[in-house]
Undergrad: 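Just passing along the structure, written as structure tokens.
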Amino acid sequence: MTIEGELGRLRVGDIHPVRLMGIINLSAESFYRGSVSTPESAASFAMRMVDEGAEVIDVGAVSTAPGSPFISEDVERERLFPALENIMDNVDVEVSVDTQRASIADLALSRGASCINDVSCLNDPSMARVVAEHDASLLLMASRERPGDLLELKDIVPRLAAAVSTAVESGVDQKKILIDPGIGRWIPEKTYEYDLAILDGMRSLRSLRKPVVAAVSRKSFIGAVLDLKDPAERLTGSIAATAIAVYNGAHVVRTHDVAVCRDAVRIAQAARGGLRRSGRVELLSTTGSAEELRCILDWVGVDPGAHDILWKKGSFLAIAVDGITPMEALVIKQEMLAAGGDAAVPRGALRCDPSADRAVIFGTLAHIERLLGKLRLQPFCLPSIASEIESVLHTDASRYRLAGNTASGQQRKG
């Protein structure tokens, strides 16, 4: 399941360096003014970024920040194409165009752009066909009705999978599709907890077998965590978030700050290491999520009816339980062994030592579900322990909430 793809002439994926994509905005409405350029200065922006290490320039003329005014197609054209021409004349790197309109994409690709960055995830039904006609690359950001409106990876992964299928059916080359989970407060409901959860769980995107683009630069979740309203003050947080994204599997980093991110990206990629593969065998490390395992099972080609059975058997978990009695610890171990898993209990449990008040349960989700059914029939506090285990298995973005919820008032889309 080695991930390999192409962004224009640039090879991207597991066996290549993480690529840096520099951002140029031609819209005065953009959330970060430091990224805004005029058509006349766009070439100098691009040349500086290339000197700093950018291998891709991403240029867009319409802001998608909530509250931004509607920009007509004519205005998008007037902003974009003089700048695009200047950039193409002055730099020899891949150029991506950030647009949701197939008509703009068609013209941009005909003028030399090599990739379309579509944050609407093919909302324009002609977009995939246009990209296919130009044999170009396509970056799909997870969206349903509005850009970035999906909150959790359990919805993001299948939406991207569906969009990839649509693009391929329209003729887009499989190896030229890249994916972006859509981090950012695109809609009011998408608070910083959701973005942190996506950042933490980015490895699950590997199941789609497409190069992953991380677009976290100076975004609102960074401001929320650090209590920084001004995007200009979020550089340090951006570098940290970028490094985490790369460590969790990103192959391309979209950034306003190429020079300062470059070294962080290289260290993060070095720390995550390479693939564990020998000949025909590759070790897969999964998060155990249903979405990730479902995509892996699709890759294998199992019968769809087997998904619900197999993903539970593929989710290995370790669960700590404390504040229990030695007898409860022994019952948990006995029932977990009967279920097909195991549990570690203190040495003193057999002597009913009061300090033997904990256990660690090891097994697949299928094992643990069988355990829960058994514990609900047991005496002592075991039925309530079963309920508590079930509760932690249904984790959501709330576990990323900051202590005291101090960031709740700092939410602004970036």
Undergrad: Between Glu328 (side chain only) and Cys381 (backbone N and O only), is there a donor and an acceptor less than 3.5 Å apart?
TA: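 Yes; at least one donor-acceptor contact below 3.5 Å.
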
Undergrad: Can you pull the side chain to side chain donor-acceptor pair (under 3.5 Å) pairs that have at least one residue in residues 79-90, sequence neighbours excluded?
TA: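 Listed by first then second residue: Glu29-Arg79.
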
Undergrad: Hey, does the side chain of Ser137 reach the backbone of Gly8 with a donor-acceptor pair shorter than 3.5 angstrom?
TA: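 Looks like yes, one N/O pair under 3.5 Å.
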
Undergrad: Output the distance between atom OH (Tyr400) and atom OH (Tyr194), rounded to the nearest 0.5 Å.
TA: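 Those atoms lie 12.5 Å apart.
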
Undergrad: Supply the atom-to-atom distance Ser207 OG to Ile3 CD1, rounded to the nearest 0.5 angstrom.
TA: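 Answer rounded to 0.5 Å: 8.5 Å.
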
Undergrad: Determine whether a donor-acceptor pair (N or O, by modelled atom type, separation under 3.5 Å) exists between the side chain of Lys176 and the backbone of Val172.
TA: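 A pair under 3.5 Å: no.
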
Undergrad: Can you tell if the side chain of Phe81 reaches within under 4.5 Å of the side chain of Ile104, non-hydrogen atoms only?
TA: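 Yes, at least one pair of side-chain atoms sits under 4.5 Å.
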
Undergrad: To the nearest 0.5 Å, what is the distance between NZ on Lys312 and NE2 on His307?
TA: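 The NZ atom of Lys312 sits 14.0 Å away from the NE2 atom of His307.
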
Undergrad: Using a cut-off of 6.0 Å, state whether more than 12 heavy atoms not belonging to Leu337 lie near its atom CG.
TA: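 Above 12, so yes.
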
Undergrad: I'd like to know if Arg9 pairs up with Asp92 as an ion pair, taking the criterion as any Lys NZ or Arg NE/NH1/NH2 lying under 4.0 Å from an Asp or Glu carboxylate oxygen.
TA: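 A salt bridge is present here (some side-chain N lies under 4.0 Å from a carboxylate O).
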
Undergrad: Is there a side-chain contact between Val157 and Leu205 (heavy atoms, below 4.5 Å)?
TA: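 Touching, per the 4.5 Å side-chain cut-off.
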
Undergrad: Leu153 and Ser204: which non-hydrogen atoms are nearest, and at how many Å?
TA: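 It is CD1-OG, 3.7 Å.
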
Undergrad: Got a second to check how far Ile116's CD1 is from His134's NE2, nearest 0.5 Å?
TA: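 So the CD1 of Ile116 and the NE2 of His134 are separated by 8.5 Å.
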
Undergrad: Do the side chains of Ile296 and Trp311 get nearer than 4.5 Å, heavy atoms only?
TA: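 No - every pair of side-chain heavy atoms lies 4.5 Å or more apart.
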
Undergrad: Would the distance check show the side chain of Glu4 and the main-chain N or O of Arg11 forming a donor-acceptor pair, the cut-off being under 3.5 Å?
TA: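 Side chain of Glu4 to backbone of Arg11: no pair is present.
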
Undergrad: With rounding to the nearest 0.5 angstrom, report the CG to CG distance, Asn123 to Asp118.
TA: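 Reported value, rounded in 0.5 Å steps: 8.0 Å.
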
Undergrad: Please name the pair of heavy atoms, one in Gly22 and one in Val258, separated by the smallest distance, quoted to 0.1 Å.
TA: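 The pair with the smallest heavy-atom distance is CA-CG2, 4.0 Å.
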
Undergrad: Between Ser41 and Thr38, is any side-chain donor less than 3.5 angstrom from a side-chain acceptor?
TA: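 Present: a donor and an acceptor within the cut-off.
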
Undergrad: Please answer whether the main-chain N or O of Thr64 pairs with a side-chain N or O of Ser68 as donor and acceptor at a distance below 3.5 Å.
TA: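 It does not hold such a pair.
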
Undergrad: I'd like to check the salt bridge (Lys or Arg N to Asp or Glu O under 4.0 Å) partners of Glu78; sequence neighbours left out, ordered by chain and number.
TA: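 Checked Glu78 against salt bridge (Lys or Arg N to Asp or Glu O under 4.0 Å); zero matches.
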
Undergrad: Out of curiosity, Arg77 CZ to Leu84 CG, how far, rounded to the nearest 0.5 Å?
TA: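 That separation rounds to 12.5 Å.
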
Undergrad: Does any part of the side chain of Val59, heavy atoms only, come nearer than 4.5 Å to the side chain of Leu26, both counted from C-beta?
TA: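 In short, these two side chains touch, coming nearer than 4.5 Å.
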
Undergrad: Determine whether the side chains of Ser35 and Asn25 contain a donor N or O and an acceptor N or O closer than 3.5 Å.
TA: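 Yes, Asn25 and Ser35 have a side-chain donor paired with an acceptor closer than 3.5 Å.
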
Undergrad: List the steps and the verdict of side chain to side chain contact (heavy atoms under 4.5 Å, CB included) for Tyr32 and Lys219.
TA: CA-CA 9 Å; Tyr32 174 46; Lys219 287 192 169 179; over 6 Å; no

Undergrad: Test of understanding: with side chain to side chain contact (heavy atoms under 4.5 Å, CB included), list the residues that count as partners of Ala339, not counting sequence neighbours.
TA: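 Arg370.
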
Undergrad: Above 12 or not: heavy atoms from other molecules or residues under 6.0 Å from CZ of Arg376?
TA: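 Yes - once you tally the heavy atoms of other residues, nucleotides and ligands closer than 6.0 Å, there are more than 12.
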
Undergrad: Determine yes or no for a side-chain-to-main-chain donor-acceptor pair under 3.5 angstrom, with Arg272 supplying the side chain and Val246 the backbone.
TA: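 It does hold such a pair.
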
Undergrad: Does any N or O in the side chain of Ser170 come within less than 3.5 Å of the main-chain N or O of Thr166, such that one atom is a donor and the other an acceptor?
TA: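 Yes; at least one donor-acceptor contact below 3.5 Å.
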
Undergrad: Hey, does the side chain of His367 reach the backbone of Thr364 with a donor-acceptor pair shorter than 3.5 angstrom?
TA: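 Flag set: sc His367 to bb Thr364 pair under 3.5 Å.
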
Undergrad: Any side-chain heavy atom of Glu335 within less than 4.5 Å of one from Leu382?
TA: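 No - every pair of side-chain heavy atoms lies 4.5 Å or more apart.
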
Undergrad: I'd like to check the salt bridge (Lys or Arg N to Asp or Glu O under 4.0 Å) partners of Asp342; sequence neighbours left out, ordered by chain and number.
TA: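 Here the qualifying residues are Lys333.
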
Undergrad: Are Phe221 and Glu193 close enough that some pair of their side-chain heavy atoms sits under 4.5 Å apart?
TA: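 They are not in side-chain contact.
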
Undergrad: Between Ala264 and Ile239, which heavy-atom pair has the shortest distance, and what is it?
TA: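 Smallest interatomic distance, heavy atoms only, reads CB-CG2, 3.6 Å.
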
Undergrad: Between Glu55 and Leu20, does a side chain to side chain contact (heavy atoms under 4.5 Å, CB included) hold up when you go through it step by step?
TA: CA-CA 6 Å; Glu55 296 176 273; Leu20 295 170; 5.8 Å; no

Undergrad: Could you check whether any side-chain N or O of Glu76 sits under 3.5 Å from a backbone N or O of Ile71, counting only pairs where one atom can act as donor and the other as acceptor?
TA: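 Between the backbone of Ile71 and the side chain of Glu76 there is no qualifying donor-acceptor contact (under 3.5 Å).
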
Undergrad: Provide the closest heavy-atom pair for Ala343 versus Ile332 in the form atom of the first, atom of the second, distance.
TA: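 So the minimum-distance heavy-atom pair works out to CB-CG2, 4.4 Å.
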
Undergrad: Ignoring hydrogens and angles, tell me if any N or O in the side chain of Asn248 forms a donor-acceptor pair with the backbone of Leu199 under 3.5 Å.
TA: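 Flag set: sc Asn248 to bb Leu199 pair under 3.5 Å.
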
Undergrad: Show your working on side chain to side chain contact (heavy atoms under 4.5 Å, CB included) between Arg185 and Thr191 and close with a plain yes or no.
TA: CA-CA 6 Å; Arg185 199 174 191 206; Thr191 54; 3.7 Å; yes

Undergrad: Considering only residues two or more places apart or on different chains, which pairs with a residue in residues 247-264 satisfy salt bridge (charged side-chain N to carboxylate O under 4.0 Å, His left out)?
TA: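 Applying salt bridge (charged side-chain N to carboxylate O under 4.0 Å, His left out) to every pair that reaches into residues 247-264, excluding sequence neighbours, yields Asp58-Arg254, Asp98-Arg254, Arg218-Asp257.
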
Undergrad: Which pair of heavy atoms, one from Asp180 and one from Ala215, lies closest together, and at what distance?
TA: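 Answer, listing the atom of Asp180 first, then Ala215: OD2-CB, 3.8 Å.
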
Undergrad: Who are the side chain to side chain contact (heavy atoms under 4.5 Å, CB included) partners of Pro147, not counting sequence neighbours?
TA: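 Here the qualifying residues are Gln100, Val119, Met141, Ser143, Trp186.
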
Undergrad: Can you give me the closest heavy-atom contact between Leu160 and Cys121, atom names plus distance?
TA: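 Residues Leu160 and Cys121, closest heavy atoms: CD2-SG, 4.5 Å.
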
Undergrad: Leu226 versus Arg234: any side-chain heavy-atom pair under 4.5 Å?
TA: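 With C-beta onward as the side chain, the pair stays apart.
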
Undergrad: In a check of side chain to side chain contact (heavy atoms under 4.5 Å, CB included) between Val253 and each of Val213, Val216, Val265, which one passes?
TA: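 The passing option is Val265.
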
Undergrad: Check whether any side-chain heavy atom of Leu80 sits under 4.5 Å from a side-chain heavy atom of Arg111, and report yes or no.
TA: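 The answer is no, as the side chains (C-beta and beyond) never meet within the 4.5 Å cut-off.
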
Undergrad: If you apply the rule side chain to side chain contact (heavy atoms under 4.5 Å, CB included), what do you find for Leu178 with His251, and how did you get there?
TA: CA-CA 9 Å; Leu178 302 90; His251 302 98; over 6 Å; no

